Amino acid sequence: MAENLVIVESPAKAKTIANYLGKDFNVVSSFGHVRDLSRKKLGIDIGKGFSPEYEVPDEKRKVVAELKKAAASAKYVWIASDEDREGEAIAWHIIRVLGLDAANTRRIVFHEITKEAIERAVANPRQVDMNLVNAQQARRVLDRIVGFEISPVLWKKVQPSLSAGRVQSVAVRLIVEREREVIAFTPESAFRVTARFTLTGSSGDGVIGAESTRRFTTQKEALEFLKVCAGARFTVSSVNIKPGKRSPAPPFITSTLQQEAYRRLGYSVSQTMSVAQRLYEGGKITYMRTDSTNLSKSSLAAAAAAVKQQFGERYSKTRQFRTRSKGAQEAHEAIRPTYPDKESITGTQQEKRLYDLIRKRMLASQMADAEIERTTVVISAEESDVNFTATGEVVKFDGFLRLYGEISEDEKQNGEAPAMPPVKEGAELEYESVTATERFTSPPPRYTEASLVKKLEELGIGRPSTYAPTISTIQNRGYVAREDRPGTPRESRVLILKGDDIESEVKREMAGKEKAKLFPQDIGMIVNDFLADNFGDIIDYRFTATVEEQFDNIAEGNEEWTGMLERFYSKFHPAVEKSLAKSEKKTGERLLGNHPETAEPVYAKMGRYGPIIQIGEASDEVKPRYAGLLGGQLIETITLEEALELFRLPRTVGEHEGNEVIAGIGRFGPFVRYRSKFYSLRKGVDDPHTIQLDRALEVIAEKDERDSKKVIAEMGEYRVLNGRYGPYISFKGKNYRIPSGSEPEKLTPEQCREIVEKGDKRKRKK
DNA sequence: CAGTGAGCGAGCTTCCGCTTGACTT
């Protein structure tokens with residue numbers, strides 16, 4: 001038995017370290033925290049100095065038992081959890097849960113997993129830092145109090161099962177406020193003038209694309225300018241060549257990896273994390289939850305060697321980046337390939353692409369700046385004081401761009417800045433065309449998952465391990481949804497001057513088209529407004545930064561952690577009491593106007609099952625009429641006309657064989673109903689408002705046909721069915737997968753029974 | 001699962017951060 005037991009947080013890390021430490025060390029993992037506050041109860045005795053009641057959760061029992069056993073047979077226990085607030089607390093909890101003796105327990109830390117770093121750590125053990133542990137306890141207890149005291153207020157005042165918290169509520173607030181900016185935005189248009197010039201005569205040849213230095217607010221002004229341009233003599237009035245350079249971005253941390261994987265590969269935040277997790281477990285990359293851009297010495301050397309080997313000496317430049325994010329705890333390295341010289345890996349397509357991105361970003365960060373020559377040409381005509389400018393870019397030395405090109409939003413739209421033909425001052429030009437295009441200003445952009453992470457990180461809210469879960473939480477609670485929008489058609493006017501003729505055109509474009517953007521939902525807006533009214537301090541963007549400062553004070557030993565909580569709670573708890581004392585329930589009710597025929601009031605508000613329109617006031621005599629809002633409609637913005645439109649459904653389409661055919665829109669979209677069976681209508685194909693009986697019957701027949709094919713075979717209680725994931729067996733309300741290789745049509749009842757029994761066994765193992 | 005609800009009441013929901021499974025009928 002090994003004399004030494006080393007406990008780290010992650011099993012993948014344990015495996016690597018074991019290789020460096022050799023036979024005398026048994027390296028095991030705690031799988032993160034081993035205990036926490038009770039899941040059900042508040043778990044804090046506020047009256048007794050905020051004393052926390054910790055429990056080992058069920059799923060951690062096994063790990064703890066194994067750790068205990070391993071510790072009992074070791075002479076020395078080394079706890080090598082991360083060197084940050086959470087890591088220190090993990091170490092302390094392990095000591096308490098395992099009942100370890102301080103005398104033979106050693107706390108060690110390392111920031112990178114290299115032989116040298118680990119040997120240095122082992123040579124310098126220390127004790128658990130209780131100040132740091134207390135800072136974590138303060139953080140934990142504060143988050144629990146905020147979450148577990150505000151959420152029940154929401155259950156009473158808004159809706160059951162809702163939640164609020166220091167991180168998620170700010171995330172929702174960002175999205176709600178951005179949406180309101182978009183709603184309040186009115187686009188303005190102006191005419192942007194571009195021209196294509198050709199060099200003439202002795203000036204050489206080539207084409208230059210240029211843009212006017214002025215924009216014109218009205219079509220009339222734009223037209224007048226084009227008239228001035230017609231027949232004007234254009235010359236190059238100045239040529240300015242400026243050298244410039246571009247530097248590579250730092251290697252990835254969690255938030256930048258999520259952003260780039262979204263931008264370049266289209267991965268969602270959670271997708272990126274799970275692919276990265278697999279790469280990490282396979283030993284292909286370093287740890288993927290990190291806020292540090294630091295690179296280990298050995299990886300810098302490996303990267304330099306790889307760059308020199310692939311591109312030559314001139315391309316290599318060793319750099320170390322300073323971490324810039326707020327509140328970074330820097331317990332790990334940047335995300336990089338374990339072996340930077342390894343160009344590709346085996347794995348799924350997704351894994352290969354993400355690895356490639358991580359590797360290129362890291363190697364590029366160790367490459368030389370790109371050298372660029374930017375040419376700006378000013379073109380003018382005597383007839384007008386409005387000039388044209390053209391810019392061209394020539395890459396003199398590509399440096400890191402060779403490996404990791406940039407894609408800015410501009411470049412995505414316009415492509416690379418065009419190359420410029422060589423021109424001299426005074427060169428004469430002729431226009432091929434001059435085009436005035438009406439352009440509209442855009443509202444501030446809605447958040448994507450990735451840009452929300454970026455914003456949260458800027459505000460210092462949340463940690464690398466929580467970005468992805470937070471985004472899931474606010475979607476699971478129904479506060480926000482990731483949606484596409486087709487946009488609305490908009491006309492843009494275009495004037496084109498060619499020769500002496502000016503033509504006008506109207507271009508149709510889609511305004512406000514969105515893909516995978518985060519949209520607030522009604523319940524998110526109502527909860528946000530409720531929190532803003534009652535708990536403004538908590539959802540203030542600076543709240544986390546303020547408490548983080550206090551946690552830092554505790555960590556440095558300058559403040560008692562219970563004192564800090566005392567001060568916080570003495571202000572926070574009265575706000576909870578006050579919000580409970582207010583009797584009204586928040587439904588976000590909004591009066592849209594009065595019904596044009598009956599003059600009854602029409603309201604938009606939150607119902608038990610979602611947002612609804614209500615016509616009429618509820619009383620003993622009057623029973624109001626209700627209709628649900630459609631996807632994309634908001635209580636805040638729906639108009640009276642749109643609201644009344646909703647009452648045209650459900651409608652009777654007609655009668656077939658003595659039964660009514662009804663069309664409507666339900667929780668899962670538009671449908672027709674026939675003999676109490678529902679048939680979904682495809683968006684963009686059939687509209688429940690207008691669908692006719694013959695078409696409705698077609699839809700019904702199609703689905704009945706599909707359903708009849710659903711049953712492959714029926715053998716008493718066993719039914720072989722066709723499902724979303726292929727054929728399966730249905731037995732007593734439970735479903736079972738059919739092993740691959742067997743033909744579902746030819747299954748016998750005996751084979752079915754076997755499959756079901758095997759399936760049940762698998763389930764029971766869990 | 002396809003409507004926005006009788007009445008009453010018990011029981012439930014919830015945080016953030018550290019980790020990885022199990023599970024895809």
Side-chain angles (χ1 to χ4, degrees), chain A residues 8-13 29-37 39-44 59-60 63 81-82 84-90 93 136 139-155 159-169 274 277-278 280-281 287 289 329 331 461-467 469-470 473 477 544 605-614 623-629 649-650 662 664-673 676-680 721 723-731 733-738 759 762-763 765-766:
Chain A
V8 297
E9 289 182 40
S10 131
K13 200 169 171 180
S29 159
S30 76
F31 295 82
H33 273 293
V34 293
R35 64 174 190 179
D36 189 13
L37 298 171
R39 197 165 288 161
K40 295 258 151 253
K41 297 184 305 180
L42 179 67
I44 300 159
E59 71 273 15
K60 280 286 160 68
V63 177
S81 48
D82 298 343
D84 59 14
R85 204 162 63 200
E86 295 298 327
E88 205 66 17
I90 288 173
H93 282 304
Q136 192 273 350
R139 199 280 304 154
R140 181 69 191 92
V141 168
L142 181 133
D143 280 337
R144 172 52 70 93
I145 288 174
V146 168
F148 274 41
E149 288 207 5
I150 298 182
S151 299
V153 178
L154 294 177
W155 304 343
Q159 243 178 37
S161 306
L162 297 174
S163 66
R166 173 175 60 81
V167 174
Q168 59 168 285
S169 296
S274 72
Q277 175 86 30
R278 288 202 299 274
Y280 168 65
E281 284 168 7
Y287 196 56
R289 289 184 276 263
Q329 309 206 356
I461 299 174
R463 304 276 314 130
S465 66
T466 59
Y467 296 137
T470 299
T473 299
R477 297 270 172 278
T544 291
K605 65 176 198 181
M606 204 62 193
R608 245 214 295 174
Y609 305 104
I612 51 171
I613 301 295
Q614 175 184 331
K623 213 178 156 218
R625 285 175 292 150
Y626 297 98
L629 267 61
L649 293 175
I662 311 271
I665 295 176
R667 168 87 177 72
F668 301 97
F671 65 86
V672 291
R673 196 174 64 198
S676 71
K677 201 174 154 192
F678 287 85
Y679 302 82
S680 292
L721 303 173
R724 257 201 297 168
Y725 308 102
Y728 65 97
I729 295 171
S730 168
F731 175 68
K734 280 203 228 162
N735 299 330
Y736 300 86
R737 188 163 46 153
I738 295 171
R762 256 211 341 258
K763 270 171 204 161
K765 253 196 345 205
K766 179 188 128 194

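Keep in mind it's a predicted model, so treat the numbers as computed, not measured. Lettering of chains follows the sequences in order, A, B, ..., and the numbering in each one begins at 1.
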> Please give, in whole Å, the distance from B/dT4 C1' to A/Q159 CD?
12 Å
> Among B/dC15, B/dT19, B/dG17, which is the nearest nucleotide to the side chain of A/R477?
B/dC15
> Nearest to the A/P160 side chain among B/dT13, B/dG17, B/dC15, which nucleotide is it?
B/dT13
> Quick check: on DNA chain B, is the nucleotide nearest A/G147 upstream (toward 5') of the one nearest A/I90, or the reverse? Name the residue that is more 5'.
A/G147
> Going by 5.5 Å between centroids and 30° between planes, is there a stack of A/F148 over B/dT14?
yes
> Taking only Lys NZ, Arg NE, NH1 and NH2, and the carboxylate oxygens of Asp or Glu, determine whether A/R289 and A/E86 approach each other closer than 4.0 Å.
no
> Categorize A/R673 for me: base, sugar-phosphate, or nothing, with a 4.0 angstrom heavy-atom threshold over every strand shown.
sugar-phosphate
> For B/dT13, does either OP1 or OP2 sit under 4.0 Å from a side-chain N or O belonging to A/K40?
yes
> Under 4.0 Å: is that the gap between some side-chain N or O of A/R289 and OP1 or OP2 of B/dT19?
yes
> State which of B/dG3, B/dT14, B/dT19 makes the closest approach to the side chain of A/S151.
B/dT14
> Among B/dT14, B/dG17, B/dT4, which nucleotide has an atom closest to any side-chain atom of A/V167?
B/dG17
> Please report, rounded to the nearest Å, how far the P atom of B/dC18 is from the CZ atom of A/F31.
18 Å
> Would you mind reading off the distance between A/D143 atom CG and B/dC18 atom C1', rounded to a whole angstrom?
13 Å
> Under 4.0 Å from OP1 or OP2 of B/dG17: is there any side-chain N or O of A/T466 that close?
yes
> Keeping A/S151 on the side-chain end and A/G147 on the backbone end, is there a donor-acceptor pair under 3.5 Å?
yes
> Counting heavy atoms from C-beta on, name the nucleotide in B/dT19, B/dG3, B/dA2 closest to the side chain of A/S680.
B/dA2
> Contact class for A/T470 vs. all strands (heavy atom < 4.0 Å): base, sugar-phosphate, or nothing?
nothing
> B/dT14 C1' sits how many Å from A/I44 CD1, rounded?
13 Å
> Out of the candidates A/R140, A/K60, A/H93, only one should pair with A/D36 under the side-chain contact (heavy atoms from CB on, under 4.5 Å) rule; please name it.
A/R140
> Measuring from A/R477:CZ to A/S169:OG, what's the distance to the nearest 0.5 Å?
10.5 Å
> Ignoring backbone atoms, test whether A/Y287 places a side-chain nitrogen or oxygen under 4.0 Å from the OP1 or OP2 oxygen of B/dT19.
yes
> Say you draw a straight line from CZ of A/F678 to CD1 of A/I662; how long is it, rounded to the nearest 0.5 Å?
9.5 Å
> I want to verify a distance call: between B/dC16, B/dT13, B/dG17, whose nearest atom is closest to the A/Q168 side chain?
B/dC16
> Can you work out whether A/L629 or A/K41 has the more 5'-proximal nearest nucleotide on DNA chain B?
A/L629
> Considering only B/dC15, B/dT20, B/dG17, which nucleotide approaches the side chain of A/Q277 most closely?
B/dT20
> Indicate, with a heavy-atom threshold strictly under 4.0 Å, whether A/G165 touches base, sugar-phosphate, or nothing.
sugar-phosphate
> Indicate, yes or no, whether a donor-acceptor pair under 3.5 Å links the base of B/dC16 to the side chain of A/R139.
yes
> Can you measure A/E281 atom CD to B/dT20 atom C1' for me and round it to whole angstrom units?
7 Å
> Which part of the nucleic acid does A/P650 contact within heavy-atom distance under 4.0 Å: base, sugar-phosphate only, or nothing?
nothing
> A/H33 NE2 to B/dC15 P: how many Å, rounded?
17 Å
> In Å and rounded to the nearest 0.5 Å, what is the CG to OG1 distance from A/D143 to A/T544?
8.0 Å
> Regarding A/A164, tell me which of base, sugar-phosphate or nothing describes its non-hydrogen contacts under 4.0 Å with the strands shown.
sugar-phosphate
> Without decimals, in angstroms, what is the distance between A/H93 NE2 and B/dC16 P?
18 Å
> Would you classify A/Y280 as touching base, sugar-phosphate or nothing, given that sugar-phosphate means primed atoms plus P, OP1 and OP2, and contacts are heavy atoms under 4.0 Å?
sugar-phosphate
> Closest approach to the side chain of A/R463, judged atom by atom: which nucleotide of B/dG3, B/dC16, B/dC18 is it?
B/dC18
> Between A/R166 and B/dG17, does any side-chain N or O lie under 4.0 Å from OP1 or OP2?
yes
> Among the nucleotides B/dT13, B/dA2, B/dT19, which one has an atom lying closest to any side-chain atom of A/F671?
B/dA2
> Nearest to the side chain of A/S10, which nucleotide is it out of B/dT20, B/dC16, B/dG3?
B/dT20
> Identify whether the distance between the nearest side-chain nitrogen and carboxylate oxygen of A/K13 and A/D82 falls below 4.0 Å.
yes
> When we call it a touch if two heavy atoms are under 4.0 Å apart, what does A/G462 touch: a base, just sugar-phosphate, or nothing?
sugar-phosphate
> If you look at every strand shown and take non-hydrogen atoms under 4.0 Å, does A/L162 touch a base, only sugar-phosphate, or nothing?
sugar-phosphate
> According to the 5.5 Å centroid and 30° plane-angle thresholds, does A/F678 stack upon the nucleobase of B/dC1?
no
> Do A/S161 and B/dT13 share a donor-acceptor pair, side chain to base, under 3.5 Å?
yes
> Could you give the CZ-to-C1' distance, from A/R39 to B/dC18, as a whole number of Å?
13 Å
> Using only atom types and a distance under 3.5 Å, with no angle test, would you say the side chain of A/S680 pairs donor to acceptor with the backbone of A/F671?
no
